[in-house]
Amino acid sequence: QVQLVESGGGLVQPGGSLRLSCAASGIRFSLYKMSWYRQAPGKQRDLVAAIPSIGSTNYADSVKGRFFISRDNAKNTVYLQMNGLQFEDTAVYFCNALRVGIGDTYWGQGTQVTVSS
């Protein structure tokens, strides 16, 4: 019954912005560390940003100052605000939920972000 559903991806010009959303169901959302990963064709899936239940956010060096992660526990939703998008940001973006200290983890299906002129 666990579901993570991403939305908000699309085609954007260089320098543009998008906001991704990930709506979770079937988990006690507030207990999970939520993260965004991305994967380009032929590449490994890499961490973009993470926001734990308790603690500070963290970001990949490549997106620091441009991307911002936030969560709304009342809505069981995590967001990724992406600004100043560049060609290199093109990838499928995946939402991840991790129960820290226990190890249960879940993935969404992903949403495509394409940066192109």
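Starting from 1, each residue takes its place in the sequence as its number.
Of the inter-residue distances, the one linking Ser35 atom OG with Asn58 atom CG reads 7.0 Å to the nearest 0.5 angstrom.
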Arg38 vs Val63, side chain to side chain contact (heavy atoms under 4.5 Å, CB included): CA-CA, chis, key distance, verdict: CA-CA 12 Å; Arg38 67 186 181 187; Val63 307; 4.0 Å; yes
For the pair Asn76 and Ser25, evaluate side-chain hydrogen bond (donor to acceptor under 3.5 Å, both in side chains) and give the outcome as yes or no after the intermediate values. CA-CA 7 Å; Asn76 288 358; Ser25 60; over 6 Å; no
The test is side chain to side chain contact (heavy atoms under 4.5 Å, CB included); show your working for Lys75 and Phe29 and say whether it passes. CA-CA 9 Å; Lys75 295 182 178 180; Phe29 183 80; over 6 Å; no
Please walk me through it: do Asn83 and Ser17 pass side-chain hydrogen bond (donor to acceptor under 3.5 Å, both in side chains)? CA-CA 4 Å; Asn83 302 317; Ser17 297; 3.0 Å; yes
For Leu4 and Phe94, what are the C-alpha separation, side-chain angles and deciding distance, and is it a side chain to side chain contact (heavy atoms under 4.5 Å, CB included)? CA-CA 9 Å; Leu4 303 178; Phe94 296 90; over 6 Å; no
The test is ring pair (Phe, Tyr, Trp, His ring centres under 6.0 Å); show your working for Tyr37 and Trp107 and say whether it passes. CA-CA 10 Å; Tyr37 289 73; Trp107 293 92; 5.0 Å; yes
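Of all heavy-atom pairs between Trp36 and Val78, the closest is CZ2-O, 3.7 Å. Across every non-hydrogen atom of Ser116 and Phe87, the tightest pair is CA-CE2, 4.0 Å. When all heavy atoms of Asn96 and Thr105 are compared, the closest pair comes out as ND2-OG1, 2.8 Å. Of all non-hydrogen atoms in Thr90 and Val115, the two that sit nearest each other are OG1-N, 2.9 Å. Scanning all heavy atoms of the two residues, the minimum distance from Ile27 to Ala97 falls at CD1-CB, 4.0 Å.
Put simply, the residue from Asp89, Leu85, Val92, Leu11 that forms a side chain to side chain contact (heavy atoms under 4.5 Å, CB included) with Thr114 is Leu11. Just one of Gln112, Met82, Glu6 meets the side chain to side chain contact (heavy atoms under 4.5 Å, CB included) condition when paired with Tyr93; it is Met82.
Among residues at least two apart or in separate chains, disulfide (SG to SG under 2.5 Å) pairs with a member in residues 51-117 are Cys22-Cys95.
Counting heavy atoms from C-beta on, the side chains of Tyr79 and Asp72 come closer than 4.5 Å.
No more than 12 heavy-atom neighbours from other residues, nucleotides or ligands sit within 6.0 angstrom of CD on Gln3.
Residues Met34 and Val2 share a single hydrophobic cluster, defined by chaining ILVMFWY side chains whose heavy atoms lie under 4.5 Å apart.
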Would you be so kind as to tabulate the donor-acceptor pairs closer than 3.5 Å made by side chains of residues 41-55, with sequence neighbours excluded?
from: Arg45; atom 1: NE; to: Gln39; atom 2: OE1; distance (Å): 3.3
from: Arg45; atom 1: NH2; to: Gln39; atom 2: OE1; distance (Å): 3.3
from: Ser53; atom 1: OG; to: Ser30; atom 2: O; distance (Å): 2.7
from: Ser53; atom 1: OG; to: Leu31; atom 2: O; distance (Å): 3.4
from: Ser53; atom 1: OG; to: Tyr32; atom 2: N; distance (Å): 3.4
from: Ser53; atom 1: OG; to: Tyr32; atom 2: O; distance (Å): 3.4

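Aromatic ring pairs are classed by plane angle as parallel below 30°, tilted from 30° to 60° and perpendicular above 60°; the pair Phe68 and Tyr59 is perpendicular.
Cation-pi geometry between Arg99 and Tyr106 is not met at under 6.0 angstrom from the ring centre and within 45 degrees of the axis.
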